[in-house]
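By convention in this document, chain letters (A, B, ...) are assigned in the order of the sequence lines, proteins followed by strands, and residues within each chain are numbered from 1.
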Number of protein chains: 2
Amino acid sequence: MYQKKIPLTLECGLHLFMQVMNGKWKISLIWSIYNGIARPGEIHRKLSDASRRVLDTQLNQLVDHGLLLKKVYDQRPLKVEYELTELGKSLIPVIKSTARWGEENRAVLEKKILPNGG
Amino acid sequence: MYQKKIPLTLECGLHLFMQVMNGKWKISLIWSIYNGIARPGEIHRKLSDASRRVLDTQLNQLVDHGLLLKKVYDQRPLKVEYELTELGKSLIPVIKSTARWGEENRAVLEKKILPNGG
DNA sequence: TTTGATACGGATAAATTTAGCCCTACTTGT
DNA sequence: ACAAGTAGGGCTAAATTTATCCGTATCAAA
């Protein structure tokens with residue numbers, strides 16, 4: 001983790017959200033775990049476009065930020081499972097409403113965002 | 001603007017949101033304009049922590065993404081004003097609910113996010 | 001004892017974003 | 001003529017994030 005040289009001030013609550021959600025795969029990770037795909041191996045297989053290393057790093061960040069809890073089962077073979085903390089769960093409605101906005105405007109947004117969409 | 005080498009799939013509406021909001025100062029820009037601080041000079045002065053160059057770039061991206069409209073008045077001296085498009089306005093409730101989440105969890109989030117907050 | 005599954009992290013390269021510097025052009029006021 | 005305000009972009013450096021590579025360890029099964 002790095003500190004920004006010119007830090008984002010956190011005066012606005014939205015910045016706090018962006019701060020913890022900042023990371024290419026974090027939404028996918030949260031969503032995946034919310035939907036029960038919670039073990040590292042499963043997650044890696046599901047998000048196979050991402051490098052394992054980055055997923056691990058971002059999972060750690062989500063744990064550090066208090067959104068995920070990492071459960072290490074004391075059993076052999078080793079088993080690890082992530083779950084949402086209360087803070088993480090409280091994010092779900094926010095994610096949903098934000099996702100809804102995206103869906104409602106998908107047509108226009110894709111045109112704008114995608115390379116060929118100019 | 002760059003294309004990601006490993007592009008984020010946009011299957012989830014939240015990704016669309018993150019895509020257009022991705023940029024260190026974009027939320028501040030949207031918020032500023034929503035609150036009537038809409039001229040480049042004003043914006044630069046208000047967000048004086050950010051480099052003018054980056055603010056300009058991100059304003060352009062917001063225009064490209066259809067969230068802002070740039071109005072150039074045909075008058076001397078030159079006057080420019082940004083305003084939210086319908087798409088941009090539709091983002092306001094989303095931003096607000098997201099900001100609310102941040103505020104409600106500010107105490108715990110700041111502890112987690114800030115460097116000294118371990 | 002080799003293969004493959006589980007899981008994790010250091011070190012470094014590549015990609016991307018942000019910041020800084022310098023330049024243009026027009027207009028108003030000194 | 002010169003300074004200061006309006007607005008804006010090219011270019012490059014610095015910072016940050018993401019990706020790749022390689023190595024660790026344990027356990028089960030062949």
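Counting any heavy atom pair closer than 4.0 Å across all strands shown, A/E42 reaches no nucleic acid atom. Contacts of B/V80 with the nucleic acid, taken as non-hydrogen atoms under 4.0 Å apart, involve only primed sugar atoms and P, OP1 or OP2.
A salt bridge between A/K89 and A/E86 is present, with a side-chain N of the basic residue lying under 4.0 Å from a carboxylate O of the acidic one. Under 4.0 Å is where a charged nitrogen must lie from a carboxylate oxygen, and between A/R100 and A/E103 no such pair does.
Summary of the strand contacts: B/N60 and B/R45 both lie near DNA chain D, and taking for each the nucleotide with the nearest heavy atom, the more 5' one is attributed to B/R45. With DNA chain D read from its 5' end, the first of the two nearest nucleotides for A/G23 and B/K79 is the one closest to B/K79.
Here the side chains of B/L84 and B/L91 are not in contact, with every heavy-atom distance at 4.5 Å or above. Contact of the B/L16 side chain with the A/N105 side chain is not registered, since no non-hydrogen atoms from C-beta on lie closer than 4.5 Å.
Atom pair B/D56:CG and C/dC23:P shows a separation of 18 Å (rounding to whole Å applied). For B/Y73 and D/dG5, the OH to P distance is 22 Å, given to the nearest whole Å. Between the OH atom of A/Y82 and the P atom of C/dT6 there is a distance of 14 Å, rounded to whole Å. To the nearest angstrom, C1' of D/dT6 lies 11 Å from CD of B/Q75. Rounded to an integer number of Å, the gap from A/W25 CH2 to D/dA19 C1' is 11 Å. Atom P of nucleotide C/dG9 and atom CZ of A/R53 are separated by 7 Å, given to the nearest angstrom. Rounded to whole angstrom, the span from the NZ atom of A/K24 across to the C1' atom of D/dT20 amounts to 13 Å. Rounded to whole Å, the distance from CG on B/L78 to P on C/dT28 is 12 Å.
Among the nucleotides D/dC27, C/dA7, D/dT18, the one closest to the side chain of A/R39 is C/dA7. The nucleotide whose nearest atom lies closest to any side-chain atom of B/P40 is, among C/dA7, C/dG20, D/dG8, D/dG8. With D/dT17, D/dA28, D/dA7 as the candidates, the nucleotide lying closest to the side chain of A/P77 is D/dA28.
Taking 3.5 Å as the limit, the base of C/dG20 and the side chain of B/R52 contain no donor-acceptor pair of atoms between them.
In this structure a side-chain-to-backbone donor-acceptor pair under 3.5 Å is missing from A/T85 to A/L69.
A sub-4.0 Å separation between OP1 or OP2 of D/dT18 and a side-chain N or O of A/Q58 is present.
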